[in-house]
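Inspection log for the structure reproduced underneath, given as structure tokens.
The sequence lines fix the lettering, A, B, ..., with proteins before strands; numbering per chain opens at 1. Both backbone and side-chain heavy atoms feed into the values below; hydrogens, waters and symmetry mates do not.
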2 protein chains.
Amino acid sequence: MVQYGHPAPTHLDASFAALSDVTRRGVLEQLGRADASITELAGKFRMTLTGMKKHVSVLEQAGLVTTEKVGRVRTCRLGARRLEEEAAWIERYRELWAARFDALDVVVDELMKEKRDGRQKRS
Amino acid sequence: MVQYGHPAPTHLDASFAALSDVTRRGVLEQLGRADASITELAGKFRMTLTGMKKHVSVLEQAGLVTTEKVGRVRTCRLGARRLEEEAAWIERYRELWAARFDALDVVVDELMKEKRDGRQKRS
DNA sequence: CACATACTGAACCATATGGTTCAGTATGGG
DNA sequence: CCCATACTGAACCATATGGTTCAGTATGTG
């Protein structure tokens, strides 16, 4: 049986995991509007500083957010990653999906044609 | 401070989580080429039937795969969800991201203009 | 019937996740 | 100096994840 070897290293695991939490998606949207401190984000999403710090760390690890500490305040802003790989993966999948169902359509067409032509198995 | 209420219910959590595993992404790509049984998938990704069954269940929960058991064999195929919501979320984010950095460009332009015009604060 | 195949479910395991509290440290303001 | 603010890190907790083994059940096949 055909088996797969090691897949190429990618950021997809980390970024999709980062995106799988509604709070973190919210943080990204928020930072898309304005930079924010940990305190501000924690306030908006009703959680402790420590909790928010963890979310920000996850986003930072995934390259989606960068932070900079000036004085007491750590300012968070959108990071360098633009979800290009992620968008590309999803787009490729959507094409696969469409192709797969187009193939099904072909099968259906074949069946319809057979029916119309009156062809049948065994007499 | 402005706080957020309950976010609208969405499939994003489940589907992004499903996509965050390299094996599950592989399964989706595989099913894009041909339907497959649990045994076939387990063989290709070098894991136990039980392990693969769990992955397939996760994908099924997320609506990305549907399965049908005929006789002993459970056949897996791509599900109804085409990652439309997911693609849309990412696309919206990418626009936010671009807008955010365009805004930064404007700031930079302003600074450049001030410098060129010789304008300075205080004297 | 006997046996192999294909899956299923329970139990287990190590680690990760999403949150908290509590006890710091560092910084800014009066 | 004193106090409030802003963050940080460790510890803890419940639950989820990604895998396994083992013991079934159900289904094909000779």
Are A:Leu19 and B:Tyr93 side-chain neighbours, meaning at least one heavy-atom pair lies under 4.5 Å? no
Could you tell me the separation between the CG atom of B:Asp21 and the P atom of C:dA16, rounded to a whole number of Å? 14 Å
Side chains of A:Leu64 and A:Glu86 in contact at under 4.5 Å (non-hydrogen atoms): no
Are any of the side-chain heavy atoms of B:Gln30 and B:Glu40 separated by less than 4.5 Å? no
Output the rounded distance in Å from CD1 (B:Ile38) to P (C:dT5). 18 Å
Is there a Watson-Crick or G-U wobble partner for C:dT25 with both distances under 3.5 Å, and which nucleotide is it? D:dA6
Closer than 3.5 angstrom, by distance alone: can the side chain of A:Arg82 be matched with the main-chain N or O of B:Ala98 as a donor-acceptor pair? no
May I have the distance from A:Phe45 (atom CZ) to C:dG18 (atom C1'), rounded to whole angstrom? 15 Å
Which residues in residues 48-58 of chain B have a heavy atom closer than 4.0 Å to any atom of DNA chain C? B:Leu49, B:Thr50, B:Lys53
Check the angle between the aromatic planes of B:Phe16 and A:Phe16 and answer parallel, tilted or perpendicular using the 30° and 60° thresholds. parallel
Rounded interatomic separation in angstrom, taking CD from A:Glu68 and P from D:dT8: 13 Å
When the distance from CG of A:Leu41 to P of D:dA6 is rounded to whole Å, what number comes out? 13 Å
May I ask you to evaluate whether A:Lys69 reaches the phosphate of D:dT8, defined as a side-chain N or O under 4.0 Å from OP1 or OP2? yes
How about B:Leu59 and B:Leu28: do any of their side-chain heavy atoms sit closer than 4.5 Å? yes
Between atom CZ in B:Arg46 and atom P in D:dG19, what is the gap in whole Å? 14 Å
Rounded to whole Å, the CZ-P distance (A:Phe16 to D:dT17) equals 17 Å
Regarding A:Ser15 and A:Glu85, is there a side-chain donor-to-acceptor distance under 3.5 Å anywhere? no
Is there a path of hydrophobic side-chain contacts, each under 4.5 Å between heavy atoms of I/L/V/M/F/W/Y residues, joining B:Met47 to B:Ile38? yes
Does A:Arg100 come within less than 4.0 Å of B:Asp35, counting only side-chain N to carboxylate O? yes
Nucleic acid contacts of residues 71-80 of chain B, taken as heavy-atom distances under 4.0 Å to DNA chain C: B:Arg72, B:Val73, B:Arg74
